[in-house]
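Presented below is the structure to which this report refers.
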Number of protein chains: 2
Amino acid sequence: MLSQRSRYALRALVYLAGRAEPGPAAIGEIAEASAAPRKFLEAILLELKRRQILVSVRGRSGGYALARPASEISFADVIRVLDGPLALAPCASKTAYRPCDTCPTVTDCPAHPALVAARDAVAAVLEGWSIEKAVLAVSPLEAL
Amino acid sequence: MLSQRSRYALRALVYLAGRAEPGPAAIGEIAEASAAPRKFLEAILLELKRRQILVSVRGRSGGYALARPASEISFADVIRVLDGPLALAPCASKTAYRPCDTCPTVTDCPAHPALVAARDAVAAVLEGWSIEKAVLAVSPLEAL
DNA sequence: GTTAATACCTACTAATTCTATAGAGATTTA
DNA sequence: TAAATCTCTATAGAATTAGTAGGTATTAAC
């Protein structure tokens, strides 16, 4: 399951991507639009900024904006930042491989091939699904 | 990520499926073979029995055995019992659908289509991966 | 029948993670 | 200078996870 943080983050990013006004959006505005607790969202946006998915402007009339086009931010990018690897086990992760603590060696682990196949399947979907794609699904007409 | 419980469970089931001796296997034997803490594994096997993936024999010379052929027990079956739905959000689950607490309606949720697609992808892999398949991968020669 | 080996059950604990909240500091515009 | 904003640290309560302890019920072997 996704954490609440990832869900708020995805909603916030889709909101930013679909927003018409130029310039950055303040946390308060984003929190309201994505129905997230303001202070909690603060920490989430900050983390997304550290990981270069967002950029920020400080000071009055500051706020957050996407660091790159929405078509180049995938669901996988966001989830990896906030929830860690997509894989079902560390040993099945491509982006954060680590041998499992209690398992035998990777070649001897009877579950390993299945977990790798599952990771590949979910990664293929989420890496191919951009924030832009999600925006278009919500408001296909406005996009034309 | 999978819980430790699911990992122990998968290893235990693969062990049971690959075991030559007739009759049920005692918890102690299974725990040793799958490198799991005995008392912890007890609770796991009991849950798998309640959910009819294992059957048990009580009393002296009792133990656990698979409730059906290993070819008919999928990784998805086991993970669902111990970790819950495969989906990344309740609203994306087919086997345990539930609307999300903090999300808008399903049709308005910008993340929903991606999460459903991810669920379908991982479910396809894990429902198609049986315990038997895992046994064959570990010991392809003995299986002949 | 007694004993010993086993599954079954309840309760508990320690550590970790998750979901926030509080409040102060740094920065910039008006 | 004031106000609005991002940034940072610290904290707290709830939930989950991983594992332990200790007893009860059942059955086969002797």
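Every chain is numbered from 1 and lettered A, B, ... according to where its sequence line falls, protein lines coming before strand lines. When reading the values below, keep in mind they use all heavy atoms of this one structure, side chains included, and skip hydrogens, waters and symmetry mates.
- The interatomic distance linking A:Leu54 (CG) with D:dC6 (P) rounds to 11 Å, in whole Å.
- Crowding of B:Glu127 atom CD: a count of heavy atoms from other residues, nucleotides or ligands under 6.0 Å exceeding 12.
- Atom CD of B:Glu32 is surrounded by 12 or fewer heavy atoms from other residues, nucleotides or ligands within 6.0 Å.
- Rounding to whole angstrom units, CD of residue B:Glu47 and P of C:dT10 are separated by 13 Å.
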Measure all distances between protein nitrogen or oxygen atoms and nitrogen or oxygen atoms of nucleotides 13-19 of chain D, and list the pairs falling under 3.5 Å.
from	atom 1	to	atom 2	distance (Å)
D:dA18	OP1	B:Gln4	N	2.9
D:dG19	OP2	B:Tyr8	OH	3.4

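- Straight-line distance from the CG atom of A:Leu41 to the C1' atom of D:dT5: 14 Å, rounded to whole Å.
- For the pair A:Asp120 and A:Lys94, the salt-bridge criterion is met [side-chain N within less than 4.0 Å of a carboxylate O].
- The closest side-chain heavy-atom distance from B:Phe75 to B:Ile131 is below 4.5 Å.
- Between the base of D:dC6 and the side chain of A:Glu42 there is no donor-acceptor pair shorter than 3.5 Å.
- Between C:dC9, C:dA22, C:dC8, one nucleotide has an atom nearer to the side chain of B:Arg50 than all others, and that is C:dC9.
- Taking atom CG of residue A:Asp101 and atom P of nucleotide C:dA15, one finds them 17 Å apart after rounding to whole Å.
- In summary, B:Arg7 and B:Asp83 do not engage in a salt bridge, as defined by a charged side-chain N under 4.0 Å from a carboxylate O.
- One atom, CD1 of A:Ile44, and another, P of D:dT7, lie 14 Å apart when rounded to the nearest Å.
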Is there any protein nitrogen or oxygen under 3.5 Å from a nitrogen or oxygen in nucleotides 3-6 of chain C, and what are the pairs?
none

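- For the pair B:Cys91 and B:His112, the minimum side-chain heavy-atom distance is below 4.5 Å.
- Taking a 6.0 Å sphere around CD of B:Gln52, one finds it holds 12 or fewer heavy atoms contributed by other residues, nucleotides or ligands.
- No side-chain heavy atom of A:Ile44 sits less than 4.5 Å from a side-chain heavy atom of A:Lys49.
- Residues A:Leu13 and A:Tyr8 have side chains not in contact (no heavy-atom distance under 4.5 Å, counting atoms from C-beta outward).
- Regarding contacts with the backbone of D:dG22, every side-chain N or O of B:Lys39 stays at 4.0 angstrom or more from both OP1 and OP2.
- Position along DNA chain D of the nearest nucleotide to B:Ala43 versus A:Tyr64 favours A:Tyr64 as the more 5'-ward residue.
- Between A:Ser6 and B:Ser56, it is B:Ser56 whose nearest contact on DNA chain C lies nearer the 5' terminus.
- Put simply, CG on A:Leu46 is 15 Å from P on C:dA26, counting in whole angstrom units.
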